[in-house]
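Heads up, the thing below is written out as structure tokens.
Both counts, for ligands and for their atoms, begin at 1 and track the order of listing. Nothing here was measured: the structure is a model prediction, and the numbers come from that model. These values consider heavy atoms only, across backbone and side chains, with no hydrogens, waters or symmetry-generated copies.
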Amino acid sequence: MQDADSFDYVIIGAGSAGCVLANRLTESGRYRVLLLEAGREDLNPWIHIPLGYGKLFTNPKVNWLYTSEQEAATGNRRIAQPRGKVLGGTSSINGLVYVRGQREDYDHWRELGNAGWGYDDVLPYFRKSEDQQHGADEYHGVGGPLTVCDPSEPHPLCEAYIAAAEQCGYPRNPDPNGARQDGFGYVQMTLRNGWRSSTATAFLRPARRRKNLSVITRAHATRVVFSGNSAAGVEYLHRGQQRSVNARCEVILAGGAFNSPQLLQLSGLGPAAKLRDFGIGVIADMPDVGANLQDHFSGRLVYQSTEAFTLNDVVNNFGRGVVEALRYLFLRKGFLTMGSLYAQGFLRTDPTLPRPDIKAGLVLFSADKAGADLHRFSGFSLIVILLQPESRGTVLIQSADPLHAPAIRPNYLATPKDREVLLAGLKAVRRIMDAPAMRRYIAREHEPGTSCANDADLLDYLRRRGGISFHPVGTCRMGNDAAAVVDERLRVHGVQGLRVVDASIMPTLVSGNTNAPTIMIAEKGADMILQDAAGR
Ligand SMILES: Cc1cc2nc3c(=O)[nH]c(=O)nc-3n(C[C@H](O)[C@H](O)[C@H](O)COP(=O)(O)OP(=O)(O)OC[C@H]3O[C@@H](n4cnc5c(N)ncnc54)[C@H](O)[C@@H]3O)c2cc1C
């Protein structure tokens, strides 16, 4: 292999984590870095217009379009598992909502044996990445690459929602990423001047001017190559051609919660018997590679509104659509600047709980399912999300062919507690919908409908129609026990020169969204990689 094919660091995947790593590892100019991305350049305009995320949900040019295996607990449905396949990865197709999770989530990571991952340890990395519209304070940073801001304007339905929650005894909280998460308010989004702030635009674009960074798109990594038990390089397919590259210091996997465990398994790190079944030579028998999959399962309440002020009304009326497009073009305001949620609340289904266990997000439109056409009537939806699921699933290869999707078995709703908490959350949100401030805007409950009233019916509804927040994590779990996949410096146990730095390393799912935490993980991961390089 020629020197031109050697880099200090080879990063696999230009997603939420990979773009941050590419930026931070090339900042000093000291290291040559190669970023391999299976997807293309982020040229599709719908990536950059926030509301465009709905158009990316089923687009194979920017999305891996995974689906989960059929499972009885969710009505034998194949649930869509979209993942970004483009520069910026899933941060280029996500719903833009910026929520970090709770202090307790990170303190729990530390209690599990991960030194340096408590809330006070990770807060500086959230602040470092951030350019917060409201300015800097104890919890927020300014001047970082990632712009975080409020919706472009208030909306009467959100005002009613927050007021109705207050009428039910829940506090108003303008900043769930601040001192406390409890309460209701508008969401903040990763948005800059009305455009999406993906990690490709925020972190990668400025770094691409550097001579020590090479980026290859449409480069699908097929295997990490080992010399003994040291990662020495990567094989990849580039536009149909098999190619390889050397990594002088490290190979860093940032392929996300489905693809990172898949690539480890294809490279010989995983459950040995499973790998042998597919004729893959075993480098390390690691049963937990691909185990511990967690996601935020949710229930949805859909309402017909008494007022024609939802996105449904705009999409179904040509004249209003034109006005909305012009407002976006000239003022950077309105529905086109909107992500998935507009307002949200964090609540405790039992007031004696130490922290919120449910998130209730308000969506200013309604459809039969994510990515489908909007209803013809004025509609809005409430997404009721189980914040701390107990259920655990798996991601396992089903072939030695790297282009064959892994089998995703999420095992949603597997524990009684998961079902009970989500059920209690649905009922709590229905009570908020029935409070005076909200009631005036509700013509009827479209789904599941008021006839779905008792626990058995609601549970059945969750099984048949429940969805997810698209927050898979945990499949390359960080820990210092024998079964963990990476240690607290994100180095893969038992081998040299290989790290995983993405959402898959979370030992437990955070009680928020997962883009901001993944960016934090990459900020901290980059620091650790550079510290280790300096000590070499
Ligand atoms: C529809 C949707 C809405 C969401 N909404 C929100 C939200 O509002 N707020 C929020 O915080 N989170 C949201 N999320 C989740 C969040 O965006 C993800 O958790 C986060 O982006 C994961 O980051 P990652 O770096 O782990 O993986 P990704 O961002 O998925 O990056 C992985 C990258 O690696 C590439 N890759 C994978 N395998 C290979 C390979 N073998 N070779 C080369 N390249 C490879 C992929 O193409 C991709 O670019 C949403 C997700 C989805 C799907």
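Atoms of ligand 1 lying under 4.0 Å from any heavy atom of Ala219, numbered from 1 in the order shown and given with element: 42 (N), 43 (C). Distances below 4.0 Å separate heavy atoms of Val86 from the following atoms of ligand 1: 49 (O). For ligand 1, the atoms closer than 4.0 angstrom to any heavy atom of Ile12 are 40 (C), 42 (N), 43 (C). Interface of Pro82 with ligand 1, defined as ligand atoms under 4.0 Å from a residue heavy atom, comprises 53 (C). Close approach to Thr518 involves these atoms of ligand 1, each under 4.0 Å from a residue heavy atom: 23 (O), 24 (P), 25 (O), 26 (O). Taking a cut-off of under 4.0 Å to the non-hydrogen atoms of Trp64, the atoms of ligand 1 that pass are 36 (N), 37 (C), 38 (N), 46 (C), 47 (O). Close approach of ligand 1 to Gly256 is summarised as follows: ligand atoms under 4.0 Å from at least one heavy atom of the residue are 26 (O), 27 (O), 32 (C).
Contact between Ala254 and ligand 1 is present, with at least one heavy atom of the residue lying under 4.0 Å from the ligand.
Ligand 1 has no N or O atom lying under 3.5 Å from any N or O atom of Ser469, backbone or side chain. Taking any N or O of Leu263, backbone or side chain, none lies under 3.5 Å from an N or O belonging to ligand 1.
Checked for salt-bridge contact, Glu41 and Lys61 miss the test: no charged N lies under 4.0 Å from a carboxylate O.
For the pair Arg32 and Phe7, the cation-pi test (distance below 6.0 Å, angle within 45°) is passed.
Considering Leu403, Ile11, Ile521, Asn513 only, the shortest heavy-atom separation from atom 7 (C) of ligand 1 involves Asn513.
The protein non-hydrogen atom at the shortest distance from atom 18 (C) of ligand 1 is Thr514 OG1, 3.8 Å.
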